[in-house]
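Here the structure is laid out as structure tokens; the discussion comes afterwards.
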Amino acid sequence: MSWIREGELNLIEKFSANILKAGPMPKHVAFIMDGNRRFARKKNMECLKGHMQGFNKLAETLRWCKHLNIPEVTVYAFSIENFKRTKDEVDGLMELARQKFLKLLEERCFLNVCFAYTSRYEITNAVREMAWGVEQGLIKASDVSESLLSECLYSNNSPNPDLLIRTSGEIRLSDFLLWQTSHSCIVFQSVLWPEYTFWNLCEAILQYQFNYKSIQKARELHREHQALEQLEADRACVAEHLQYHGNSKPVDAHRRQEALQHYIRCREERVQDFIQALKQKRDSYFNDLWSGEVLP
Amino acid sequence: MALLHGLLWRFLLVLVHVNRALVSWLRVRLRNWKGRLWERAMAALLLPLALAGFPDHQKKLHPNPTNAHSVTGNRSASRRSRWLSDGRSLEKLPVHIGLLVAEEEPSYTDIANLVVWCMAVGISYVSVYDNHGIFQKNNSRMLEEIIRQKQVLLGIDVSKHNVEFLNNGSDTHQHQVVSFRPTVKVLSPEDGKQSIVHAAQQLCRSVENKERSSKDISVSMLDILLRESKNIPDPELVVKFGPVDSTLGFLPWHIRLTEFISLPSHKNVSYEELLGALQRYGTCQQRIGQ
């Protein structure tokens with residue numbers, strides 16, 4: 001049996017989905033699934049039952065996303081901070097998550113799960129990876145840039161989320177995807193996660209569509225800034241290089257331009273090699289983890 | 001069929017627009033109505049004082065510094081004490097409030113008003129941000145405007161509030177946190193991701209020079225480094241002005257636990273709207289994983 005519940009949308013839902021699809025749709029949606037505990041308290045049931053309902057709601061939401069042609073979903077399942085909760089609850093939650101997500105793995109899904117995650121740790125880890133590259137002699141410290149840092153995050157394989165939804169009326173990000181959502185549409189909804197409906201999702205998407213143009217503009221502006229920054233950094237490196245090697249003769253513009261082009265090519269090659277090496281390092285890490293699990 | 005869907009989608013979007021416009025219009029109407037009611041009640045109670053000019057809700061619409069000096073002084077003194085008591089009556093106040101302007105064509109006077117109100121209720125650190133970096137580019141104008149609005153709103157004691165601007169890292173070590181005066185900082189996207197990148201470069205350079213191993217790098221190390229370079233505390237509250245629902249690159253490292261509250265526009269924004277946002281912040285509970 002499939003975990004992502006099969007089943008079609010009803011007629012009205014399908015019609016509304018088609019209307020929404022006439023506009024720009026988010027390609028990647030992130031959820032902070034908040035409110036399981038409050039839901040359990042409200043219904044006078046155990047905390048773990050609330051979490052169970054939350055996982056079921058996730059399955060349902062993934063089905064809606066599928067019908068709405070949203071190719072990628074990221075969820076915040078469990079923050080490192082949550083380990084502060086009672087042991088019973090944490091153990092129960094871990095077991096529940098293990099079951100549910102193992103089932104999901106079988107389905108080869110488009111879901112990223114952030115588990116025991118904080119964004120600050122992710123950013124720090126990216127910095128550590130770059131420092132590792134420097135140690136290995138793959139890159140120079142001056143090659144560190146915004147785009148390289150993005151490449152070193154866990155999320156390097158997916159585009160930044162277009163839409164971030166947080167439920168249960170909290171209005172903060174709680175250390176989730178801080179770097180990746182800096183130009184995303186952020187929607188705070190007051191509904192508790194286990195009570196999330198198709199219409200809540202539609203509302204959030206509509207809000208995204210309402211914001212689409214201005215956010216696209218802001219992203220474009222940011223990209224321009226980034227390119228400019230990179231060019232300036234490259235120029236500075238070339239100038240330093242020429243000053244160091246040239247015998248204090250003024251360099252003509254043509255040679256300077258050539259040197260710049262050459263430097264950019266070299267830098268790009270270095271960065272590519274580094275990213276390849278990093279990928280291999282990560283793959284072997286996961287392979288070790290996997291074989292460690294199979295052969296304890 | 002596709003055409004019909006497209007048309008309906010457009011209609012839906014128009015509805016959202018209308019809805020938003022209506023909400024912000026109602027907000028203004030309600031505020032004016034409530035304001036008038038409050039004024040009348042006050043006038044009835046304190047007639048003599050009211051003659052000298054009691055808290056006037058439309059003050060920013062006609063900031064007239066040429067008023068008779070005593071009247072202005074009287075007015076601003078009573079305003080000041082009201083703002084201060086408002087600040088005290090709140091359950092909690094943020095130490096650092098971020099004002100995020102997500103609108104084109106910023107209005108300097110309104111931003112200056114907001115900054116002055118924040119300082120008057122007792123917030124010690126106010127930052128102003130827009131993703132175009134307009135405020136940063138024109139920070140002398142911003143500074144002048146803040147000083148002027150301070151004079152208009154608070155009376156003459158300008159020296160009490162210190163205004164400080166963040167420039168590109170050149171003057172970073174001149175001011176330390178140990179300051180009881182409120183601080184105003186103008187932030188731009190450069191203080192966000194780019195400052196994280198600079199910190200990363202710094203760390204990588206020290207690794208390059210074999211002063212440090214990559215394994216030593218930790219969250220707190222990066223945090224300390226970022227704090228040293230710009231000295232920006234984490235904001236507890238960001239008030240966002242404008243119709244765009246995004247942080248637009250505002251200090252990604254610092255907004256880990258920041259509460260975000262939206263107001264429709266910073267143009268002609270009133271003190272009551274800001275106070276409403278602060279009151280909402282006062283009711284926010286942070287359970288931090290609990």
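Convention: sequence-line order gives letters A, B, ...; per-chain numbering from 1.
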Heavy atoms, side chains only, cut-off 4.5 Å: are [X] and [Y] in contact?
X      : Y      : value
A:K217 : B:E104 : yes
B:I196 : A:W179 : yes
A:D175 : B:L257 : no
B:W9   : A:P24  : yes
A:I171 : B:C284 : yes
B:E208 : A:K140 : yes
A:F15  : B:L8   : yes

CG of B:L22: more than 12 outside heavy atoms within 6.0 angstrom?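 Yes - once you tally the heavy atoms of other residues, nucleotides and ligands closer than 6.0 Å, there are more than 12.
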Under the criterion side chain to side chain contact (heavy atoms under 4.5 Å, CB included), which of A:L173, A:L178, A:T118 is the partner of B:R256? A:L178
A:V127: which of B:L225, B:L203, B:V219 passes side chain to side chain contact (heavy atoms under 4.5 Å, CB included): B:L203
Examine whether an atom of [X] lies under 4.5 Å from a heavy atom of chain B, and if so say whether it belongs to the side chain, the backbone or both; otherwise answer neither.
X      : answer
A:S16  : neither
A:I19  : both
A:S184 : backbone
A:K213 : neither
A:N211 : side chain
A:Q226 : neither
A:F176 : neither

Residue selection (most heavy-atom pairs with chain B, distance under 4.5 Å) from [options]:
options                       : result
A:E229, A:R219, A:E129        : A:E229
A:G23, A:C185, A:A126, A:S145 : A:G23
A:G169, A:G133, A:S182        : A:S182

I'd like to know if B:D234 pairs up with A:R120 as an ion pair, taking the criterion as any Lys NZ or Arg NE/NH1/NH2 lying under 4.0 Å from an Asp or Glu carboxylate oxygen.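 Yes, B:D234 and A:R120 are salt-bridged.
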